[in-house]
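Report on the following structure.
Throughout, a chain's letter reflects where its sequence line sits, starting with A, and its residues are numbered from 1.
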Amino acid sequence: MNELSRAQIRDLMAQVLKNQDKELPADDAAQLREIGFRSLDFSELALRVEDETGEELNFDAPGLRRIATVGDVLDFLVELQHQ
Amino acid sequence: MTVATSRHDAPAPAEPAGVDNRLVVGGAALTWRSLPTPALPGPAAVLAHSAAHALTAARQHAVHGTELLLSTASRVDAAMRTELLEAGFTVSVLDDDGVHPSAPARPRAAEPGRLWLLTSGSTGRPKRVGHTLDTLTTVRVDQPGRTWLCPYAPGTYAWWQVVTLSLTQPGQHLVVVEPDELDDWPSVAAAHGVDAASGTPTFWRRTLYRDADALARVPLRQITLGGEPVDQAILDQLREVFPAARISWIYASSEVGASIVVHDGRAGFPVDWLDRETPGRPTLSVHDDELVVTSPYHGAGLAGPVRTGDRVQVLDGRVLITGRLDSDEINVGGSKVSAGVVRGVLAGHPAVAWARVTGRRAPVLGRMVVAEVVLVPAEPASADTGVPDEAALVRWCADRLSEHAVPRRIRVLTDIPVKETLKSDV
């Protein structure tokens, strides 16, 4: 199965922000609220991961969780690819 | 050879008023009168092998009143064929060798004068809607002489509109293009002096995209759009190529007939047309964002207000028809987005020739707006302006739409997709 690494997902996340003239900090602990990464951006990133891998993500599988930092986003999407 | 077509007597055969109008089919010049006159056992479901065979069946109906459902083999699948045989139709393939009938499963008496349409299927499974030549004829006042292009699939509502015009009015000639000639229609049309053409917005976009110069060589004086939502961008593009032509858009369906005709070159219709009752004219209203039409040209059994399933939005004093109710609305995290409105914004980008907007499953929000576009072929002279990339198109939308309505993923296709009905399912 075609799977993206955490670094590759980070590149895609940077792209989502760059298209809005925003920058992705290097620090995984950076707060999403502070960098202006919102639910629409999160959804876009998930679609970009799907388009890169050609596989659908199973969004329902992992249940709810708190996603507050850049690291949370990356962890979540890495994990989703295993579902 | 003329053969009576029905055991059930139709009125004495009389040729329609347009019988000597010119027909160009597959490059050959004919008239209605010169078409063959095969016997069609009624009630007849005729699967026409080509455009000429479809015209033959239409003329037979006009003369003899044979109960008729006209279509093509590709639009009638095995299930529909069985349904027609069960409903008492003799299903006949009509080709150069004549009529090849299959007997009905439950024979019944024919209903002289009845014409059946199969709806295009954009509403789901095709269904039969009953009409007559009279209810299908919406242009009744004398028209200036025109040579019309007929690009539509035989037996569809739009096809009958062009065909009844030519059958009933002298001076209304037809140039019919077969599906395999469709991409090259401007050269066929220019060669045969076509000065009026009716097509879907997808049909016009494809033509502009493929060869706008060839289109400009067709001496069009009347341009008609219908069958799909009509946005301002396509009207403006056609106006640029044909500054002097009358450009009209028509809202019509098998169910309610031609109900809205707009000639002012703008998308939508004036809001003060709503709820206006004029004898003999359709009444238009809106209920819960849905267009409701009460029409004198309705199909059999469809008197009174008909919910059209089309979604409308009032913007700047105009009522815009944005798309089908069941597919136009995209719910993005609780915000309702009209795919048609987003499509209009994308189509308004100077480099976009065609756009389709849909909802795509996404985390957190449930659905997200995504799009596919076909770009205008790049002209070397304007290379400095560059071809817009996804980010540029997203920014174009972000400047004009609420943030939930902005398509975040925009895929570029290399050609405009089109179905036999000349629609794109946008």
Side-chain angles (χ1 to χ4, degrees), chain A residues 3-4 8-9 11-24 31-33 35-83, chain B residues 329-339 341-343 345-346 349 351-352 355-375 386-414 417:
Chain A
E3 194 176 302
L4 297 187
Q8 286 170 311
I9 297 173
D11 287 345
L12 292 177
M13 187 172 180
Q15 186 64 48
V16 171
L17 285 164
K18 183 167 170 280
N19 286 350
Q20 304 172 48
D21 300 319
K22 295 173 187 168
E23 236 177 89
L24 178 63
Q31 293 289 316
L32 298 178
R33 189 178 313 177
I35 58 174
F37 189 88
R38 293 169 306 157
S39 47
L40 277 165
D41 304 315
F42 179 78
S43 296
E44 180 188 339
L45 176 59
L47 298 191
R48 282 178 182 272
V49 171
E50 285 188 339
D51 290 343
E52 286 293 320
T53 61
E55 311 241 355
E56 277 201 13
L57 298 171
N58 182 0
F59 303 125
D60 308 322
L64 287 173
R65 65 166 73 194
R66 182 171 157 72
I67 294 177
T69 66
V70 171
D72 291 342
V73 171
L74 300 179
D75 290 342
F76 182 64
L77 286 170
V78 166
E79 193 182 316
L80 262 190
Q81 295 185 90
H82 296 282
Q83 301 292 328
Chain B
E329 186 174 288
I330 305 171
N331 188 329
V332 182
S335 299
K336 289 177 182 173
V337 173
S338 162
V341 169
V342 179
R343 188 172 62 238
V345 166
L346 272 171
H349 189 288
V352 172
R356 173 179 9 228
V357 174
T358 51
R360 179 168 156 190
R361 209 174 65 91
V364 190
L365 300 167
R367 301 198 85 74
M368 192 161 207
V369 180
V370 296
E372 292 170 320
V373 296
V374 175
L375 299 175
V387 175
D389 59 5
E390 183 182 37
L393 291 171
V394 170
R395 270 196 299 278
W396 170 270
C397 292
D399 288 343
R400 291 163 177 80
L401 293 164
S402 70
E403 63 173 356
H404 283 84
V406 175
R408 292 294 192 99
R409 297 255 60 192
I410 301 178
R411 201 154 68 95
V412 176
L413 308 182
T414 52

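- Counting non-hydrogen atoms of other residues, nucleotides and ligands closer than 6.0 Å to NZ of B/Lys336 gives a total of 12 or fewer.
- In this structure, the separation between CZ on A/Arg38 and CG on B/Leu365 is 10.5 Å, given to the nearest 0.5 Å.
- Heavy-atom proximity under 4.5 angstrom to chain A picks out B/Glu390, B/Ala391, B/Arg395 from residues 389-401 of chain B.
- Of all residues spanning residues 402-413 of chain B, those with a heavy atom less than 4.5 Å away from chain A's heavy atoms are B/Glu403, B/His404, B/Arg408, B/Arg409, arranged by number.
- Counting heavy-atom pairs under 4.5 Å between each of A/Leu45, A/Leu40, A/Asn19, A/Val16 and chain B puts A/Leu40 at the top.
- Shown here is A/Glu23, whose CD atom has no more than 12 heavy atoms of other residues, nucleotides or ligands within 6.0 Å.
- When all heavy atoms of B/Arg361 and A/Glu56 are compared, the closest pair comes out as NH2-OE1, 3.5 Å.
- Residue contact with chain B, scored on non-hydrogen atoms closer than 4.5 Å, is absent for A/Gln15.
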